[in-house]
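Some notes on the structure that comes next.
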Number of protein chains: 2
Amino acid sequence: MSTITDYIDANKETFREELFAFLRIPSISTSSEHKNDICDAARFLLDKLESLNMDRTELFETDGNPIVYGELTTDPAHPTVLVYGHYDVQPPDPLELWKTAPFEPTVRDGNIYARGASDDKGQSFTHLKAVESYLASGESFPVNIKFIFEGEEEIGSPHLVPFIEAHEELLACDMVLISDTAMFAEDTPSITYGLRGLAYMEVEVEGPNRDLHSGVYGGAVENPANVLAGIIARLKDKDGIIQIPGFYDDVKDLTDEEREAYRQLPFDESAYKKTLGVDALHGEKGYSTLERATARPTLDVNGLWSGYQGEGAKTVLPSNAGAKISMRLVPDQDPQKIARLFAEQVESLAPDTVSVTVTEHHGGQPAITDLSFYGLQAAADAFEAVYGREPLFTREGGSIPIVADFQQLLGAQSILMGFGLNSDAIHSPNEKFALKDFYRGIQTSARFFEFLPKYS
Amino acid sequence: MSTITDYIDANKETFREELFAFLRIPSISTSSEHKNDICDAARFLLDKLESLNMDRTELFETDGNPIVYGELTTDPAHPTVLVYGHYDVQPPDPLELWKTAPFEPTVRDGNIYARGASDDKGQSFTHLKAVESYLASGESFPVNIKFIFEGEEEIGSPHLVPFIEAHEELLACDMVLISDTAMFAEDTPSITYGLRGLAYMEVEVEGPNRDLHSGVYGGAVENPANVLAGIIARLKDKDGIIQIPGFYDDVKDLTDEEREAYRQLPFDESAYKKTLGVDALHGEKGYSTLERATARPTLDVNGLWSGYQGEGAKTVLPSNAGAKISMRLVPDQDPQKIARLFAEQVESLAPDTVSVTVTEHHGGQPAITDLSFYGLQAAADAFEAVYGREPLFTREGGSIPIVADFQQLLGAQSILMGFGLNSDAIHSPNEKFALKDFYRGIQTSARFFEFLPKYS
């Protein structure tokens with residue numbers, strides 16, 4: 001193994017430069033104006049895969065953004081690992097809060113600052129570089145490897161499931177390897193075995209057919225913004241309990257063992273609050289902060305708009321108001337069912353003085369990986385070899401809906417090997433990824449491939 | 001009088017062209033980027049006043065936008081009328097809803113479409129043209145006239161009151177003449193004797209120090225947008241009663257006579273709903289639609305913002321949320337007191353998990369003109385002479401805070417001679433002013449000057 005380790009050490013600068021080139025592409029999937037950048041990012045990955053001399057590399061067009069694929073079969077008897085990553089990123093807004101430009105990667109204090117540095121370009125690139133290092137160092141590669149990179153993760157992967165369904169044989173594997181999660185804390189390697197699902201909704205309240213003068217009509221005509229506020233307010237009670245009939249019906253409660261494991265996690269609530277700049281936390285009554293953030297469902301406003309948002313005062317009674325509202329889900333909640341219950345409840349809360357439309361954006365199933373799965377053991381050993389300590393097994397609050405899809409469509413469990421940190425500010429200004437974890441990620445991935453055969 | 005009437009008729013086209021030139025200036029006071037346009041509009045009026053050969057014309061600089069002044073004393077024994085108007089306009093947003101450009105006045109179906117057509121360039125310009133017509137036709141002008149035009153009405157006239165205080169002698173008058181209100185209905189001349197006041201507030205809720213990933217933190221960290229919705233929702237109950245302690249303490253109830261007069265007004269509620277495109281109305285329990293819109297206080301959200309408002313879905317837990325909320329006030333509510341009560345209530349509703357800031361934009365006193373005031377009789381006669389019917393005496397829901405200020409500082413009552421319509425869409429896209437009412441406005445103003453001496 002030392003030749004591979006040495007190869008990785010010797011090529012740090014090259015790897016970093018390659019990642020920087022990847023990060024410079026503003027491959028934002030949430031707005032259509034970045035279509036060309038999306039294609040550039042896909043082609044960038046295809047070039048990288050092609051340079052590995054794999055058995056097959058291909059860029060698959062979809063009705064949305066392309067899917068990049070590569071495979072290398074070393075021996076049919078070897079276990080097959082499907083590496084999944086996404087090359088699309090979140091929008092960088094609000095731009096003015098970035099210390100350096102989001103698409104000009106910069107190293108400060110040992111961190112790479114750029115949109116996508118952690119989520120997910122930097123993290124997923126580690127596996128590509130691990131495979132390259134293995135192959136370049138002349139060692140025989142001990143697993144069969146497949147790569148699949150999509151460009152629509154941040155908009156709910158609308159074309160990935162149809163693609164998997166249409167390519168079940170191509171993608172057949174023994175497990176999926178994903179680095180799109182965070183370590184529990186710095187230098188604390190973690191394997192995520194549970195993920196929350198998502199139902200993401202948009203609520204539009206329409207009142208009068210135009211913006212009205214609030215002096216002339218105020219008091220006599222229902223105000224859509226006031227109505228929207230009332231609807232949102234009634235979706236949760238003061239104890240943080242979500243007020244949608246049936247919402248909790250399918251929630252699998254945490255086991256006593258899990259709650260005990262939660263209590264053992266090294267968590268400093270006052271440091272957590274300090275990092276966020278808040279004096280007090282708030283969440284569902286009866287649960288700890290970590291439980292609330294990872295193993296309990298939520299309802300959050302993600303966006304809100306109505307009327308005049310500019311400087312000064314405009315005396316307008318707005319003709320409409322809207323909100324983006326999403327719910328994080330836990331096993332065994334079903335996003336479709338929750339979306340329906342949400343829509344029914346919102347519609348039932350709407351007065352007849354306005355018209356309310358509820359639409360569904362993307363959703364995703366929650367997921368749990370079996371703690372006894374052999375791939376997890378190999379991953380744990382790899383972490384220990386590189387980080388010098390056993391990883392924690394944790395649940396994460398975020399959603400990677402594709403994990404449930406891989407389970408369902410390919411019968412493959414996922415290994416969520418996180419190299420990022422919760423403080424990486426993914427989806428926020430000044431997203432970062434620790435340079436040392438980029439390199440340790442490559443090393444850990446290489447060791448995982450090394451260790452896997454002995455457990456299979 | 002017929003020479004003046006003839007002069008007005010003969011000069012319709014010129015008057016319209018002059019108004020169009022005035023309307024082409026985008027003198028928006030709510031945003032600082034239109035400073036030059038503001039100055040252009042002020043200079044435009046100054047030029048018009050100068051061309052009347054008045055005794056004095058002057059452009060007064062203030063710490064904000066300039067005040068344009070002109071005076072003509074015909075005989076110290078004559079009554080002195082101070083004409084007030086404002087040359088600033090509301091922003092035209094949302095721009096995409098205008099059928100023709102807001103600052104390119106266009107005539108369609110007998111209406112002038114432009115921002116400011118009705119509020120207040122078109123309406124206030126009538127008095128300038130009436131005086132011009134009087135003077136040009138060689139008739140001796142039967143009153144002393146003063147003009148004052150300000151450029152900050154849409155942002156609460158912050159520099160007008162100090163100006164009046166500093167120029168009490170200059171502005172001394174027997175009454176103020178203002179055309180910045182609406183007729184009750186088409187061809188239904190109306191004199192407004194009551195106006196609502198205003199307290200306009202901004203509420204900012206600050207949560208975590210940056211936008212967070214709603215998966216990673218959702219459920220554990222308070223969401224400022226959810227909090228803001230909760231605060232707004234609790235400011236009014238389901239019967240439309242405002243839930244701010246002390247809010248109604250100083251409200252003067254409508255007299256039985258006034259409520260009876262309201263019932264006599266020709267009001268077609270189903271046409272009103274149809275025009276607004278709403279199926280049902282909603283307001284304070286126990287009052288009619290007209291009472292709610294004009295004689296009862298309100299609380300309306302004017303603007304709302306938080307998090308991601310773009311296309312698609314962004315899973316963000318926003319770091320802050322804000323709202324503009326204004327209250328229309330009725331006699332004898334005091335804007336300062338109401339602003340304080342509002343701030344106290346909002347702060348008391350805020351949980352300790354966020355920080356809430358309440359700031360006050362402009363406010364304005366409600367006002368009532370004495371129904372027995374002699375100026376109102378002259379105005380009524382003028383309307384009858386031009387429109388062929390007696391005007392209605394009504395209250396309006398909008399605020400012209402300066403009416404209360406003139407009363408208080410100059411001891412002068414205001415005559416609110418409205419030539420606009422409530423359907424003029426002031427503050428909305430496609431603002432309009434009927435061309436025939438622009439001309440009838442000039443005629444009515446001229447007759448008012450003619451009739452006034454016989455009542456004084």
Side-chain angles (χ1 to χ4, degrees), chain A residues 30-31 155 196 200 208-211 213-223 225-226 229-230 232-233 276-283 289 292-293 296 298 300-309 311-317 321 326 328 352-353 361-362 397-399 422 426-428, chain B residues 30-31 155 196 200 208-211 213-223 225-226 229-230 232-233 276-283 289 292-293 296 298 300-309 311-317 321 326 328 352-353 361-362 397-399 422 426-428:
Chain A
T30 52
S31 94
I155 53 170
R196 293 198 285 195
Y200 196 114
N209 50 17
R210 57 189 165 93
D211 284 354
H213 188 295
S214 67
V216 177
Y217 293 96
V221 178
E222 186 85 271
N223 182 318
N226 288 70
I232 294 170
L276 298 172
V278 298
D279 291 335
L281 297 167
H282 177 74
T289 294
R292 289 168 177 169
R296 297 294 302 170
T298 68
D300 269 300
V301 173
N302 305 109
L304 200 56
W305 59 91
S306 184
Y308 184 67
Q309 305 184 14
E311 193 189 337
K314 188 178 175 189
T315 50
V316 66
L317 193 163
S326 68
R328 297 283 161 173
D352 63 352
T353 47
H361 286 283
H362 62 86
S399 304
N422 280 324
I426 66 170
H427 295 212
S428 296
Chain B
T30 54
S31 93
I155 53 170
R196 292 198 285 194
Y200 197 112
N209 49 19
R210 58 191 164 92
D211 283 355
H213 188 294
S214 67
V216 177
Y217 293 97
V221 179
E222 186 85 271
N223 182 317
N226 288 70
I232 293 170
L276 298 172
V278 298
D279 291 335
L281 297 167
H282 177 75
T289 294
R292 289 167 177 171
R296 295 295 301 171
T298 69
D300 269 299
V301 173
N302 306 109
L304 201 55
W305 60 90
S306 183
Y308 185 67
Q309 304 184 15
E311 193 188 336
K314 188 179 176 191
T315 50
V316 68
L317 192 163
S326 67
R328 296 284 161 175
D352 63 353
T353 48
H361 286 283
H362 63 88
S399 303
N422 280 323
I426 65 169
H427 295 212
S428 297

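Sequence lines set the chain letters: A, B, ... in the order given, protein chains first and strands last, and positions in each chain run from 1. Heavy-atom basis, side chains included; hydrogens, waters and symmetry copies ignored. Model, not experiment: these values are computed from the prediction.
In the model, S428(A) has no side-chain atom that pairs as donor or acceptor with a side-chain atom of H213(B) under 3.5 Å.
Every salt bridge (Lys or Arg N to Asp or Glu O under 4.0 Å) that R296(B) has, sequence neighbours left out, goes to D253(B), E284(B). Residues passing the side-chain hydrogen bond (donor to acceptor under 3.5 Å, both in side chains) test with T353(B), sequence neighbours excluded: E222(B).
A distance of 15.0 Å separates OG1 of T298(B) from OH of Y217(A), quoted to the nearest 0.5 Å. Atom NE2 of residue H427(B) and atom CZ of residue R210(A) lie 12.0 Å apart, to the nearest 0.5 angstrom.
Residue contact with chain A, scored on non-hydrogen atoms closer than 4.5 Å, is absent for I155(B). Heavy atoms closer than 4.5 Å to chain A are found in both the backbone and the side chain of A313(B). Proximity to chain A involves both the backbone and the side chain of V221(B), based on heavy atoms less than 4.5 angstrom apart. Of the atoms belonging to V278(A), it is side-chain heavy atoms, and not backbone ones, that fall under 4.5 Å from chain B.
Here G277(A) is the residue among S31(A), G277(A), G230(A), S326(A) with the most heavy-atom pairs under 4.5 Å with chain B. Chain B forms the most heavy-atom pairs under 4.5 Å with one residue out of G312(A), A233(A), P208(A), and that residue is G312(A). By number of non-hydrogen pairs under 4.5 angstrom with chain B, the leading residue of S399(A), G398(A), G283(A) is G398(A). If you tally non-hydrogen atom pairs under 4.5 Å between each of S306(A), G307(A), G397(A) and chain B, the highest count goes to S306(A).
Between the N223(B) side chain and the D300(A) main chain, no donor and acceptor come within less than 3.5 Å of each other. A donor-acceptor distance shorter than 3.5 angstrom exists from the side chain of Q309(A) to the backbone of L304(B), with no hydrogens or angles considered.
Contact detail for R196(B) and S214(A): the closest heavy-atom pair is NH2-O, 4.2 Å. Looking at every heavy atom in both residues, Y200(A) comes nearest to K314(B) through OH-O, 2.7 Å. The shortest non-hydrogen separation linking N302(A) to V316(B) is ND2-O, 2.8 Å. In terms of heavy atoms, A225(B) sits closest to V301(A) at CB-CG1, 3.4 Å.
Looking at D352(B) and D279(A), their side chains never come closer than 4.5 Å, going by heavy atoms from C-beta outward.
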Audit row: T30(A), Y308(B), side-chain contact (heavy atoms from CB on, under 4.5 Å) steps and yes/no: CA-CA 11 Å; T30(A) 52; Y308(B) 185 67; 3.9 Å; yes
